[in-house]
Every structure is written in structure tokens, then in C-alpha cells.
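Structure first, then comments.
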Amino acid sequence: MNRAQPQDWYRLQTKGDGITLIDEPHIEEFYRCNIWHVRGRDGDMLVDSGMGVVSLRTWVPLVTERPLEAVASHTHFDHIGCHHEFDCRSCHEAEAAILADPTRAATLADPYVTDEIFTTLPPEPYESARYAVKSAPATRILQDRDRIDLGDRSFEVIHTPGHSPGGIALWEEATGILFSGDIVYDGPLIEDTYHANAEDYVASMKRLLDLPVRVVHGGHFASYDGERHREIIRNWLESKGL
Ligand SMILES: [Zn+2]
Ligand SMILES: [Zn+2]
């Protein structure tokens with residue numbers, strides 16, 4: 001398989017509301033994480049940081065322009081690979097141990113990371129068999145209802161366990177914007193990871209259904225509006241007989 005050039009690894013798309021989607025187009029869509037950059041008056045927020053196979057700081061200057069808090073929606077390998085490049089790192093307390101010691105098993109790199117998840121391989125010296133996320137201990141531990149404050153805008157942390165124990169969504173009530181992580185997005189949801197919990201998953205979905213959402217930016221796949229948000233969750237609950 002061919003190797004990508006580092007300057008071609010990331011792709012940026014502006015989404016309005018000061019939000020930029022950064023993603024890794026050479027990763028198969030199902031495994032490709034959405035990295036969200038949010039501009040605020042006093043600082044920026046990054047929601048997730050991709051696989052970490054190419055430096056985000058080196059190749060995406062946007063993330064170095066202002067003070068930035070790198071939040072982890074959860075600690076699977078596809079979401080926290082570049083967290084070690086940032087000075088301010090936050091995640092929910094239930095996954096702080098994984099962010100500090102992101103083993104291949106704990107981050108799901110084992111079994112998911114093989115050459116098959118790429119359409120073009122990352123630059124040398126990348127090797128799937130040796131891939132591992134670097135340690136990036138949280139400098140701030142988040143709990144339900146904490147806030148990420150960017151000066152003129154503020155996001156509430158909503159603890160959404162189920163896909164993983166420390167999953168969080170970030171909710172901006174003033175705009176109706178929800179960053180949902182992997183608990184819900186418009187694609188196949190993963191409910192069978194080693195630390196998934198079915199009961200928690202249902203409770204998290206019910207909580208997100210009640211939010212007056214205008215737009216959802218998920219951990220994978222395309223963004224969608226509030227109507228689609230409620231449709232996805234209602235269909236999911238119905239499929240569980242709820
Ligand atoms: Zn995940
Ligand atoms: Zn993911």
C-alpha cells in the first residue's frame with residue numbers, strides 16, 4: 001500500500017459557528033474520527049485528536065494559534081492519538097487512567113488497528129503492529145456538568161457512559177450545538193467494546209434525547225440536525241424494545 005505525505009494527512013472543513021472539522025481522509029470512514037476545533041474569544045477547544053500517526057501541531061497550524069484545551073470525548077485510540085502534543089488535556093475521571101497509560105488493549109488499538117483500516121498508509125516509520133498511543137495524563141479531570149469555558153461561549157460536560165465508561169458529550173445550550181463523541185452519531189454504533197455497558201448506554205441515549213439540540217457533531221460520520229438526532233435515538237431505543 002502507498003504511503004501518504006504528512007502534509008496530506010489532515011483535511012479541514014469549516015462548519016460555521018467557529019467550528020472546524022479536522023479529519024484523516026486516508027483512514028476508512030468507519031474508523032475515521034472527527035476532530036472538532038472550536039474557536040472561542042479567550043481560547044479554543046479541541047474535541048478529540050485523531051490517531052496520532054501524523055503530528056497535528058506540525059501540520060495543522062490552526063490548533064496552535066491560541067490557548068487550547070484538548071478534550072477527550074473518550075479514550076479509544078482513534079480519538080486521543082495527538083493529545084500528548086497539547087499542554088492542557090482533559091477527560092472524564094472514569095477514563096483518566098487510560099489517557100495516562102493508553103495500552104493497545106485499553107484503547108482498542110488491539111484488535112482494530114491493522115493496515116486494513118487505511119486506504120493509504122501513514123508516512124514512514126508507521127507500522128500497524130507497533131502502533132500505540134502516547135501517554136498524555138489529564139491536566140484537568142472532568143465530571144458531569146463541568147464546563148469548558150472559552151470566554152464568549154461555554155460547553156457543559158454531559159457524562160454519557162455506555163460506549164465506554166468515561167464518554168462525554170459537550171453541550172452549548174446557547175447555540176444548541178452538541179458534540180456527541182461515540183455515544184451517538186449517524187452511522188453504526190459500537191455497543192460491544194470490553195468496557196461498554198448496555199444499561200448505561202440506554203440512560204445516556206435518553207438523556208441526550210431530551211436536549212433541545214439544533215446540530216450534532218459526532219465522533220464519526222456526518223453532522224446532522226435536531227430532527228435527525230431525535231430520529232436516530234428513537235429508532236435505537238425502539239430497536240431495544242424501549
Ligand atoms: Zn470509541
Ligand atoms: Zn471512535
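Every number for a ligand or one of its atoms is a count from 1 in the order of the listing. Starting from 1, each residue takes its place in the sequence as its number. Predicted model, so just to flag it, every value in this text is computed and none were measured.
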Worksheet item: Protein N/O/S atoms under 2.8 Å of the Zn ion (ligand 1)?
Response: His74 NE2, His76 ND1, His163 NE2, Asp182 OD2
Fill in: Glu65 with Arg39: basic N within carboxylate O range, under 4.0 Å
yes
Fill in: Carboxylate-amine/guanidinium contact Asp186 Arg228, below 4.0 Å
yes
Discussion item. Only N/O/S atoms count here: what is the atom of His220 closest to the Zn ion (ligand 2) called?
Written reply: NE2
Worksheet item: ring pair (Phe, Tyr, Trp, His ring centres under 6.0 Å): which pairs involve residues 140-176, sequence neighbours left out?
Response: His74-His163, His76-His163, His92-His159, Phe155-Phe179
Item to complete: Would you confirm whether the ring centroid of Phe118 sits within less than 6.0 angstrom of the ring centroid of His26?
Response: no
Worksheet item: Do NZ/NE/NH1/NH2 and the carboxylate oxygens of Asp144 and Arg207 come within less than 4.0 Å?
Response: yes
Worksheet item: Salt-bridged, Arg214 to Asp17, with N to O below 4.0 Å?
Response: yes
